[in-house]
Amino acid sequence: MKILFFGTPRFAEIVLQGLIDSEFEVVGIVCQNDKPSGRGNKLVSPHIVSLAKANGLPVYQFEKLSQHIEDFKNIDYDLAVTASYGKILPKAFLDIKPCINVHPSLLPKYRGATPIQSALLNGDRLTGVTIMKTEVGMDDGDVFVQQNLEILPEDDYLSLLEKLANMGLKLLLETLKKIEIGTVVRTPQNHEEATFVKLIKKEDGLLDFSESTERLVNKVRAYVESPVAHFYLGGDLIKVYKAQKGQIDVTAEVGQIIKEKKRLFVKAQDGFLEILRCQASGGKVLNVIDFLNGYHFKAMVVDR
RNA sequence: CGCGAGGUAGAGCAGCUCGGAAGCUCGCCGGGCUCAUAACCCGGAGGUCACAGGUUCAAAUCCUGUCCUCGCAA
């Protein structure tokens, strides 16, 4: 079975690598366009492009898929597989050949672009992966298979993504085999129970210390890759990569920084957020001990 | 040439404006104190100050170029 793969970020890379290593033949990949990025605004390709090229796969980057229907008709493939591609597929494309999708949530929950972050943000204890038929509607196609995954307290976006991508790959390969021998079963989603998740905006990462510590910790976990939970301290941007609920016996106002020799806290609504790993503008990401060793606090802090 | 910050002991930083024998916090090694400790006390090792040129009696510090890292914007 010849597969045309659609996907762009890390999640897609893991799935693509697995497909390449499998018995199925990947005939090409479609991903988002190169974008000006970083200092100097140099044009940067998605990381998955190098994986594809290293395996000799043709890479297709189309601005508008609907303008390239003829191009797709000329590609020799049997089935399209999508995994975090990042664009809606037009009906004209879906009509060419069948298409299935790997979605990292228990559909119909969390349809949309940010299912992994949403599960963490909401403090869910259970998530999973769904393999489903790709339709014109957003993540609303019939389900082939679904599997649960427990979210551990120490999971963050990166660890959960890794687990879900690997689970998605495994389920995808199983589904492909069933499709090949014609034993696949389709179950419609219960559309009444559908929930949708939106794209994350940069300002969503700003930590509001009048929120609960649990909520703040969840934000840190969900946004660790992007936009990264952050706050401002005496004019400096501080990004928080790892944090937990902290215990310390002091009285402080919401948003107040409490500094110990080796620990750093911020007073939140119902307790203290203990910062374990963070980064100031211009600096590297540091464990809190290294951060405290050199950082010059320009704001009022409680020093213990 | 999008804007900006920075490269100084294993780690994080100060020193650079106003050149003149390299410092702080932590870690590490050794010793002490303690029921005990991420605590405290004493001692110690560890740095061609990113690289290359230049100015100078003298450069981490001034000038020029190169490499690398990071924040913002997109």
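In the text below, chain A, chain B and the rest are named by the order of the sequence lines, each starting its count at 1. As a basis for the values below, the full set of heavy atoms in this structure was taken, side chains included, without hydrogen atoms, waters or symmetry mates. If you're wondering where the values come from, they're calculated on a predicted model, not measured in any experiment.
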Euclidean distance for P, B/U64 against B/A5 (whole angstrom): 15 Å
Expressed as a whole number of Å, how far does the C1' atom of B/A60 sit from that of B/C49? 4 Å
Using atom C1' in both nucleotides, what's the gap between B/G54 and B/U69 to the nearest angstrom? 26 Å
Measuring only the P atom in each nucleotide, how far is B/A21 from B/U37? A whole number of Å is fine. 43 Å
Less than 6.0 angstrom separating the ring centers of A/Phe272 and A/Phe209, yes or no? no
Base, backbone or nothing for each nucleotide of nucleotides 65-74 of chain B, written B, S, -, heavy atoms under 4.0 angstrom, 5' to 3'? ----SBBBBB
Under 6.0 Å between ring centres: does that hold for A/Tyr77 and A/Phe5? no
Distance between the C1' atoms of B/G46 and B/C26, in whole angstroms? 14 Å
Atom CD of residue position A/Glu154 - does it have more than 12 heavy atoms of other residues, nucleotides or ligands inside 6.0 Å? yes
Other hydrophobic cluster members with A/Leu43, side-chain heavy atoms of Ile/Leu/Val/Met/Phe/Trp/Tyr under 4.5 Å, chained? none
Do we see a donor-acceptor contact under 3.5 Å between the side chains of A/Tyr110 and A/Asn122? yes
Among A/Arg111, A/Lys109, A/Gln146, which residue meets the side-chain contact (heavy atoms from CB on, under 4.5 Å) test with A/Thr130? A/Gln146
Gap in Å between the two P atoms, one belonging to B/U56 and one to B/C63, rounded: 16 Å
Polar atom pairs between nucleotides 37-41 of chain B and protein, under 3.5 Å, N or O only, would you list them?
{"unit_1": "B/A38", "atom_1": "O2'", "unit_2": "A/Lys262", "atom_2": "NZ", "d": "3.3"}
{"unit_1": "B/C40", "atom_1": "OP1", "unit_2": "A/Lys261", "atom_2": "NZ", "d": "3.1"}

May I ask which nucleotide in the shown strands pairs with B/U25, Watson-Crick or G-U wobble, both distances under 3.5 Å? B/A11
Pick the C1' atom in B/C13 and in B/C3, then give their distance to the nearest Å. 25 Å
Between the side chain of A/Gln244 and the main-chain N/O of A/Ile275, is any donor-acceptor distance below 3.5 Å? no
